[in-house]
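Please read the structure below before turning to the comments.
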There are 2 protein chains.
Amino acid sequence: MKIGELARQSGLSVHTIRYYEKIGLLPYASRDLSSQRDYDASILSWIAFLRRLKTTGMPIRDMLRYAALRERGSGTEAERRALLKAHRDRVRAQVTELQASLLALDAKIAGYAAPQETSQQTCQERIDDAAHSGRGREPARARQARAR
Amino acid sequence: MKIGELARQSGLSVHTIRYYEKIGLLPYASRDLSSQRDYDASILSWIAFLRRLKTTGMPIRDMLRYAALRERGSGTEAERRALLKAHRDRVRAQVTELQASLLALDAKIAGYAAPQETSQQTCQERIDDAAHSGRGREPARARQARAR
DNA sequence: CCTTGACTTCGAGTGCGCTCGAACCTGTAG
DNA sequence: CTACAGGTTCGAGCGCACTCGAAGTCAAGG
């Protein structure tokens, strides 16, 4: 499988695949006669796993640690396992945090009365949301910077 | 409250507070005689809310939209509500995805036998993890780039 | 009077994870 | 033969969200 095909099948861009190889996330791919990368389909499951790590928020430098252990092969299982366990714990904590935030968001949304369903405006400011409590400050100041 | 105190109480750095004001996430703070920012304690709940949005992965440009609506005051409730609902849906989807990933991680970890508890090395490679399946590729290539 | 420390503005720098473009090579189809 | 679709390497650039440093102001304490 050449790089374009792998890109199609894996969902990574060709650029990203080469980038991943360069930094060591993907093993150095063997090249054919004209030095084009030739991939085995088995790489797909590794990429899928990398995607899992990525979507769960693992930084690349940690994926690199795992990838290096994998490259080293057997004898590194305990370490890989420990790495994943630590990551799993972080993900669990993150899920817990997100769930708490969901409750907070639900409450906040409920605070903004229903839009058509019941009434138009009720007790929004009871939840918090009081931006204008201060004195008359500079009204028309430029005050934008980046904010693209 | 001066900026240093707000930094202490909010957990943001002084630099970040000024940055947030500059881009419009925090309202322009009134200044005292020597043009030092003077904050009302009520800003703390707004910062706490911003933190919620941030920890749930909302990009700053979206927080800016919300902040702008808040600044405009009443009449923007429906829009704010819609914004939060859309965000909540994304967070929910993310939680679902993370939970699926947790299952995958659990399975992967289980694949790496127990470290002391049962045996030392069992059926790791059945799960996937076969880095070395190819031909003899360049063994000692430089191949590091960034990877800080 | 002088130091200290907290504040001010401004613009530049950082770390991450890509993303892109330039310049070049190669195999196949028309 | 030529065009073209793919591939190659290399280094530069980008978007995000800060983070920092320089140079200056100001009020209170010794």
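Just so you know, these numbers use all the heavy atoms, side chains as well, and skip hydrogens, waters and symmetry mates. Order of the sequence lines sets the chain letters (A, B, ...), proteins ahead of strands, with each chain counted from 1.
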Send over the distance from Tyr39(B) OH to dA6(C) C1', rounded to a whole Å. 14 Å

Expressed as a whole number of angstroms, how long is the span from Glu5(B):CD to dA6(C):P? 12 Å

Which nucleotide, dT19(C), dA17(D), dG7(D), lies nearest any side-chain atom of Lys54(B)? dA17(D)

Expressed as a whole number of angstroms, how long is the span from Arg61(A):CZ to dC18(C):P? 13 Å

Specify the separation, in whole Å, of atom CD1 of Ile60(B) and atom P of dT19(D). 10 Å

Using the test salt bridge (charged side-chain N to carboxylate O under 4.0 Å, His left out), find all partners of Arg90(B) that sit at least two apart in sequence or belong to another chain. none

CD of Glu21(A) versus C1' of dG7(D): gap in Å, rounded? 13 Å

Once rounded to the nearest 0.5 Å, what's the spacing between atom CG of Leu83(A) and atom CD1 of Ile109(B)? 10.0 Å

Please pick, from dG17(C), dG7(D), dT19(D), the nucleotide with the shortest atom-to-atom distance to any side-chain atom of Lys2(A). dG7(D)

With a 4.5 Å limit on heavy-atom distance, are the side chains of Arg88(A) and Asp106(B) in contact? yes

Provide, to the nearest angstrom, the distance between the CD1 atom belonging to Ile23(A) and the P atom belonging to dG17(C). 8 Å

Options dC16(D), dG17(C), dT8(C), nucleotide nearest the side-chain atoms of Arg37(B): dT8(C)

Nucleotides 22-30 of chain C: protein proximity per nucleotide (B base, S sugar-phosphate only, - neither; heavy atom, under 4.0 Å): ----SS---

Toward the 5' end of DNA chain D, by each residue's nearest nucleotide, Ser35(A) or Leu25(B): Ser35(A)

Name the closest nucleotide to the Ile3(A) side chain, picking from dT8(D), dC18(D), dA17(D). dT8(D)

Considering every strand and a 4.0 Å limit on heavy-atom distances, what is the contact class for Arg18(B): base, sugar-phosphate, or nothing? base

Are Lys108(A) and Phe49(B) in a cation-pi contact, defined as NZ or CZ under 6.0 Å from the six-membered ring centre and within 45° of the axis? yes

Under 4.0 Å: is that the gap between some side-chain N or O of Arg31(A) and OP1 or OP2 of dT9(D)? yes

Rounded to whole Å, CZ of Arg51(B) lies from P of dA17(D) at a distance of 15 Å

Using distance alone, with no hydrogens and no angle criterion, decide if Tyr112(B) and Arg80(A) have a side-chain donor and acceptor under 3.5 Å apart. yes

Above 12 or not: heavy atoms from other molecules or residues under 6.0 Å from CG of Leu33(B)? no

Ile3(B) side chain reached by Asp38(B) side chain, heavy atoms, under 4.5 Å: no

Between dC18(C) (P) and Ile17(A) (CD1): distance, integer Å: 12 Å

Check whether any side-chain nitrogen or oxygen of Tyr20(B) sits under 4.0 Å from OP1 or OP2 of dA17(D), and answer yes or no. no

